[in-house]
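Note on naming: letters A, B, ... go to the chains in the order of the sequence lines (proteins, then strands), and numbering restarts at 1 for each one. If you're wondering where the values come from, they're calculated on a predicted model, not measured in any experiment. The figures here come from the full heavy-atom set of this structure, side chains too, leaving out hydrogens, waters and symmetry mates.
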Amino acid sequence: MCQYANMFTETIIEWYKENKRDLPWRDSSDPYLIWISEVILQQTRVVQGYDYFLRFIGRFPDVSTLADAEEDEVMKYWQGLGYYSRARNLHAAAKSMNGVFPKTYPEVLALKGVGEYTAAAICSFAYNMPYAVVDGNVYRVLSRYFGIETPIDSTAGKKLFTELANEMLDKKQPALYNQGIMDFGAIQCTPQSPDCLFCPLSVGCSALSKGLVTVLPVKQHKTKSTNRYFNYIYVRAGAHTFINKRTDNDIWKNLFELPLIETSSSLPEEEFLALPEFQTLFAPGEQPVVRPVCREVKHILSHRVIYANFYEVILPEGTASFGKFQKIKAEELERYAVSRLVHAFIEKYIDLK
DNA sequence: GTCCAGGAAA
DNA sequence: TTTCCTGGAC
């Protein structure tokens, strides 16, 4: 009698034993470490998240350490990873645990920032519970092997693929199977140019026999993006500069930035300098020296295109201008978590000494 | 330059 | 359904 539910499941597990990636969060059954790694890997590739994981757990090795930290420091450790709500939710969830990581699926699912995928990953990897993971890799592998053309971002698709994933799951060794199918998707059944020639599942693969490999998985949405126009002001007032913390429900929430004026279109320098929003930043009678540093820097997010202009403003030490912003020593700018856009500007154009 | 991969929440 | 980001492939 066959040891596994079916050939698909058996092949995935055998393939995994030969080809598994050696990663620092693998072979650990510490739910905290698995949680951190899974949240970092949400919407993030292993190569990009690897170093972040090591630094993060080096500083926050357990639930209590993370819960006791300041959110600004957590954000700083997340700087550059993107989707910053993940860091805010991670911190909030740690605070909610009272030092103990939850031990049941419903409790894990209830954590902020933990959805069905992450809950299944934590419970199967840490506790060996029989919950099938359904991530982008799983959608791809299943849709191709079984030739399913239902869009993966439809309600029907989510239900169908979740059911199929749980059917294929090896209930006796869910951790092995779950990690197997995700690595299989990441290494063998890749989005572009998958290695069908040497694929152990090529014989039964529906997409391969029907020529649908490049078509599957099917997605129905295409995200439309809108333009935004940001004008950043780097102030130099002696040894000091000014920053702002983004607290609104908008992109880069709870990150810091240089003083910013958003406009509805890209303004030429003269028009920008004449804006009341710009003029009122200055104390009466102040005569600032303004210099455009770089213009029309294009920064692309999934659903936004930001065109950024950067201006340098020289003011005397102790100026009364920019009173509504946080005044810091320019050399301490690197202590604050900022977006890639702002960080790239600081790196390239600013001498912090 | 364009396209695309990768989950959660509201 | 839309809103959150970044980086790598081409």
Flag, side chain of A:N137 to backbone of A:F184, donor-acceptor distance under 3.5 Å:
no
Taking only side-chain N and O atoms of [X], does any of them lie within less than 4.0 angstrom of OP1 or OP2 on [N]?
{"X": "A:K298", "N": "B:dT2", "answer": "yes"}
{"X": "A:T118", "N": "B:dA8", "answer": "yes"}
{"X": "A:K219", "N": "B:dC4", "answer": "no"}
{"X": "A:H299", "N": "C:dT6", "answer": "yes"}
{"X": "A:Y84", "N": "C:dT6", "answer": "yes"}
{"X": "A:R86", "N": "C:dC5", "answer": "no"}

Both A:V114 and A:P191 contact DNA chain B. Which one's nearest nucleotide lies toward the 5' end?
A:P191
Under 4.0 Å, counting only non-hydrogen atoms across every strand here, what does [X] touch: a base, just sugar-phosphate, or nothing?
{"X": "A:R88", "answer": "nothing"}
{"X": "A:Y83", "answer": "base"}
{"X": "A:R45", "answer": "base"}
{"X": "A:Q43", "answer": "base"}

Could you check how far CG of A:D153 sits from P of B:dA8, rounded to whole Å?
15 Å
Measure the distance from CG on A:L255 to P on C:dC5 and round it to the nearest whole Å.
7 Å
Sequence neighbours excluded, every pair satisfying side-chain hydrogen bond (donor to acceptor under 3.5 Å, both in side chains) that has a member inside residues 190-203 of chain A:
none
Check step by step if side chain to side chain contact (heavy atoms under 4.5 Å, CB included) holds for A:N6 and A:M168.
CA-CA 8 Å; A:N6 55 61; A:M168 293 302 117; 3.3 Å; yes
Centres of the A:Y145 and A:F8 rings: under 6.0 Å?
yes
Check: A:Y32 ring centroid to A:F101 ring centroid under 6.0 Å:
no
Nearest to side-chain heavy atoms of [X], which nucleotide of [options]:
{"X": "A:D250", "options": "B:dA8, C:dT6, C:dC4", "answer": "C:dC4"}
{"X": "A:R340", "options": "C:dC4, C:dG7, B:dA5", "answer": "C:dG7"}
{"X": "A:N137", "options": "B:dG1, B:dG6, C:dC5", "answer": "B:dG6"}
{"X": "A:R304", "options": "C:dC4, C:dG7, B:dA8", "answer": "C:dC4"}

Between A:V47 and A:W252, which is nearer to the 5' end of DNA chain C once each is assigned its nearest nucleotide?
A:W252
